[in-house]
Amino acid sequence: MKYDFKGIEAKWQQRWDDEKSFKTLDDYSMPKYYALVEFPYPSGAGLHVGHPRSYTALDIVARKRRMQGYNVLYPMGWDAFGLPTENFAIKNHIHPEIVTERNVARFKSQLKMIGLSFDWDREVNTTDPGYFKWTQWIFQQLFKKGLAYKSTMPVNWCTSCKCVLANEEVVNGVCERCGSEVVRKEKSQWMLAITKYAQRLIDDLELVDYVDRVKTQQKNWIGRSTGAEVEFATTEGDTLKIYTTRPDTLFGATYMVMSPEHPYIEQWKDKLANYNAVVEYREAAARKSDFERTEMAKDKTGVQLDGVRAINPVTGNEIPIFVSDYVLMGYGTGAIMAVPGHDTRDWEFAKKFGCPIIEVVKGGNVEEEAFTDCETGVMVNSGFLDGKTVEEAKVAIVEWLKETGKGEPKVNFKLRDWVFSRQRYWGEPIPLVYCEKCGWVPIPEEELPLRLPEVESYEPTDNGESPLAKCEDWIQTTCPHCGAPARRETDTMPQWAGSSWYFLRYMDPHNDKALASKEALEYWGMVDWYNGGMEHTTLHLLYSRFWHKFLYDIGVVPNPEPYAMRTSHGMILGGNGEKMSKSRGNVVNPDDIINTYGADTMRLYEMFIGDFEKAAPWKQDSIKGCSRFLERICAMRDNVAPGTEYSQKNEVEIHKTIKKVSQDIENLKFNTAIAALMSLLNTFADNGVNEAEYLTFLALLDPFAPHLAEELAESLGVTGTMVRYPWPQYDEAKTVEANVNMAVQVNGKLRGVVSLPLGCDDETAKAAALEEEKVKAAVAGMNIVKIIVVKNKIINIVVKP
RNA sequence: GCGGGUAUGGUGAAAUUGGCAGACACGCAGGAUUUAGGUUCCUGUGCUUCGGCGUGUGGGUUCAAGUCCCACUACCCGUACCA
């Protein structure tokens, strides 16, 4: 049979569509399996070959689970709010909604050509009012529980575009789009109190099965550290509170540093002889762009306060206080005690400003560099701490701090609260109004979804307000609480909002009473397997875990964690090993591959390309191997002999392959699963093949190359589709040959191979090894010291002259 | 800086607990089929001075190391003064 992939693929895609073969069943008595891939942002460029890597991998898992009798939820949708669409709309004067619709249509038709087994009846779109109604609803719940609040925050401001940028849009300190300088500007923003969940977001990683590197990245991002808060009295009679992870080095604190934004600068205004110089420094720091701040990072700057000094609580010494921008207002208390002997940054600063450096932990040379090791050192010059190890000293000093009331143990996190507002058009409107009397008030639930108003221009305003700020008609409303005139919030939500809960909507996508029904949430939660890119292992994963925990706390979802398992795929690179991008000109379009070789070949190649978790360069030549493999399967169809049992010749190889393919799919080893299928085909080519054997092969092939598997199975009389065809079973006893080849080594070097019965005893193996001609030659004239036998694997003869 | 990862033929890559390094492919070479190119099929293919040598480098443990230990180097990803 000739391999007509175009005909075959069109035929089966049509049939799956007509029969709704992948429809998720509403039968909650069946065992369930929820496989999830990250839904894409439907960009104008269309799909590239990187997208299908993840989709195909979990399609294989989903298809296998259906064949194993599970009720499978494998859905797809669109994360469609976002900047590129808005920018395209601005440039071409088209409504973003129309742009989105177009892009989604393009993406969908491309995905359909790949033969992915999504249940399209459950498609979701974050820009659909029926969807974002619930995004807004969740935000209102957060607000009601006090987890959404307004706060003045420094934001990134592009001096040329005159608008606020997200952190991701600032590349090397300049605007991603226009290349102009980006500076900091204070703006009032909506914030979400994710830091309240910081500890639980770390602890509950114990409950889930994520690859280690993902767990590590989450923990690092949250950045928990333990230490102490210590109060330093000042010469002006007040106290300056600091946070440190090294309270053990308190005796070595020879000066203090405050952030330029520290409120004490204003408080001490009248006491500072050099107040003007301090303010000047603060203003210079504020003017610095991100780029300059990073550039200047190596060179420490600062100003010493003239008029206020601090007192080291343990030595009683008076020490100077500096202001420097290497201390950040946003972490700890915005002030530090500086221990130049044992902190690299303090050491650099001390060297530049001539502050004394005292060694309090022995082990290095503090004149040469800061000694930061906590493991080996012993305390010196530290009064009652002398002679203790760092760990012992930490315990002792914290005791002392507690007793004297000068400090207490403290845990800090790097994680900051989530800046949640964007001054943009194409996002979910924040469903709150501001009333002079009542403050911020949520709009009534029955008024959700709050839709975007029609505007003439989507461009941000000159003063950094959202484009919605120009819609006076829309803004003016009444307070739901007291009925007085009120104004709507004009900021919109960030793109992360819609993607923080989309997996819940798939469970019950058309529900208009709740984000999903209780029954659906209980049956489908948690997601059994979630695969996505490493680039989302910090923000998206953390945000969605946070929202899910909140929904758990208010009784909406039944589990504390959303995803039972998380894996990550590597990126598909261009043929030159570089990241695929339009500017590098190395983008490969899946449409071209499908036209030339067919979807099954593309699916196969995407999985065969290499280790699923690692980046892999796209090699156009290598695709042929996969294409040939499918052609050979097709050609073999004409030579399939009748037969309902496995032949003796093929039996072991078949059981082995079933085992390997079954396990490899579970372990993300799609590449070796395909290699095993190729080997089995080679075995068939040598030994001949009958119908029973060929059908098993097709069942194993089905998740990888479903169109061809269907076509060939049909030709063998299989009625219906392969979607629920039973997954082949293997018999462990039949996965091994009666005889094994054991390698014979002499002094660790391979000298021969002997064929022996499986599990034969060591003495027989030794005797057989010594009979082998090449072994005899290698052993001749030597004394045999010992012989090591590893059952069924190797015999090593150790000899000496 | 810090955190994570990677390093194996001409290429993409395989290799349970340490146990025959290079599975499976690509490419290449030779042959067969073909009017020819292409396709398909068969054979070979780590290097080698045929003793051996080979998994980034240098040490170590072991009967045995790609795999374990110590010390390096290079590249990739993330992050940016987090006290």
>> Taking only side-chain N and O atoms of A:R632, does any of them lie within less than 4.0 angstrom of OP1 or OP2 on B:U39?
In response: no

With sugar-phosphate meaning primed atoms plus P, OP1 and OP2, does A:T538 contact a base, only sugar-phosphate, or nothing at under 4.0 Å between heavy atoms? nothing

Any base atoms under 4.0 Å from A:Q217, or only sugar-phosphate, or nothing? Heavy atoms, all strands. nothing

Contact under 4.0 Å: A:R628 side-chain N or O vs B:U40 OP1/OP2:
yes

By the 4.0 Å heavy-atom rule, please label A:N220 as base, sugar-phosphate, or nothing. sugar-phosphate

Note on RNA chain B: ranges paired as stems (three or more Watson-Crick/G-U pairs in a row, both atom distances under 3.5 Å) are B:1-7 with B:73-79, B:10-12 with B:24-26, B:27-32 with B:40-45, B:56-60 with B:68-72

Open item on the list: Using a 4.0 Å heavy-atom cut-off, does A:V327 contact any base of the nucleic acid, only the sugar-phosphate backbone, or nothing at all?
Closed with: base

For the P atoms, the ones on B:G52 and on B:A21, what distance do you get once it is rounded to whole angstrom? 14 Å

The nucleotide from B:C20, B:A13, B:U6 with an atom nearest the side chain of A:P617 is B:A13

If the C1' atom of B:G46 is compared with that of B:A29, how far apart are they to the nearest Å? 16 Å

Contact class for A:N741 vs. all strands (heavy atom < 4.0 Å): base, sugar-phosphate, or nothing? base

All heavy atoms of A:H569 vs all of A:N531, minimum pair found to be ND1-ND2, 3.0 Å

Atom CZ of A:F670 and atom P of B:G12 are separated, to the nearest Å, by 22 Å

message = What's A:D611 touching, base or sugar-phosphate or nothing? Going by heavy atoms closer than 4.0 Å.
response = sugar-phosphate

Quick one: label A:F413 by what it contacts on the DNA or RNA (base, sugar-phosphate, nothing), any heavy atom closer than 4.0 Å. nothing

When you compare B:U48 with B:U16, how far apart are their C1' atoms, in angstrom units rounded to a whole number? 33 Å

In whole angstroms, the gap separating C1' of B:G27 from CD of A:Q620 amounts to 15 Å

### Task
Indicate whether OP1 or OP2 belonging to B:A83 is found under 4.0 Å from a side-chain N or O atom of A:S225.
yes

>> Please determine whether the number of non-hydrogen atoms from other residues, nucleotides or ligands lying under 6.0 Å from atom NZ of A:K774 exceeds 12.
In response: no

Base orientation of B:G51, chi within 90° of 0 counted as syn, else anti, reads syn

May I ask you to say what A:V790 touches in the nucleic acid, namely base, sugar-phosphate or nothing, with a heavy-atom cut-off under 4.0 Å? base

Check: If you look at every strand shown and take non-hydrogen atoms under 4.0 Å, does A:N412 touch a base, only sugar-phosphate, or nothing?
Finding: nothing

Original post:
Would you call the rings of A:W496 and A:H536 parallel, tilted or perpendicular, where under 30° means parallel and over 60° means perpendicular?
Top reply: perpendicular

Taking atom types as they are modelled, is there a donor-acceptor pair under 3.5 Å from the base of B:C63 to the side chain of A:N796? yes

Notebook entry, point to check: Do we see a donor-acceptor contact under 3.5 Å between the side chains of A:E606 and A:T56?
Noted result: no

* Asked: Hey, does A:I788 reach any base, or is it just sugar-phosphate, or nothing, if we go heavy atoms under 4.0 Å?
  -> base

- If you look at every strand shown and take non-hydrogen atoms under 4.0 Å, does A:K2 touch a base, only sugar-phosphate, or nothing? nothing

Note: contacts of residues 654-667 of chain A with RNA chain B (heavy atom, under 4.0 Å) are none

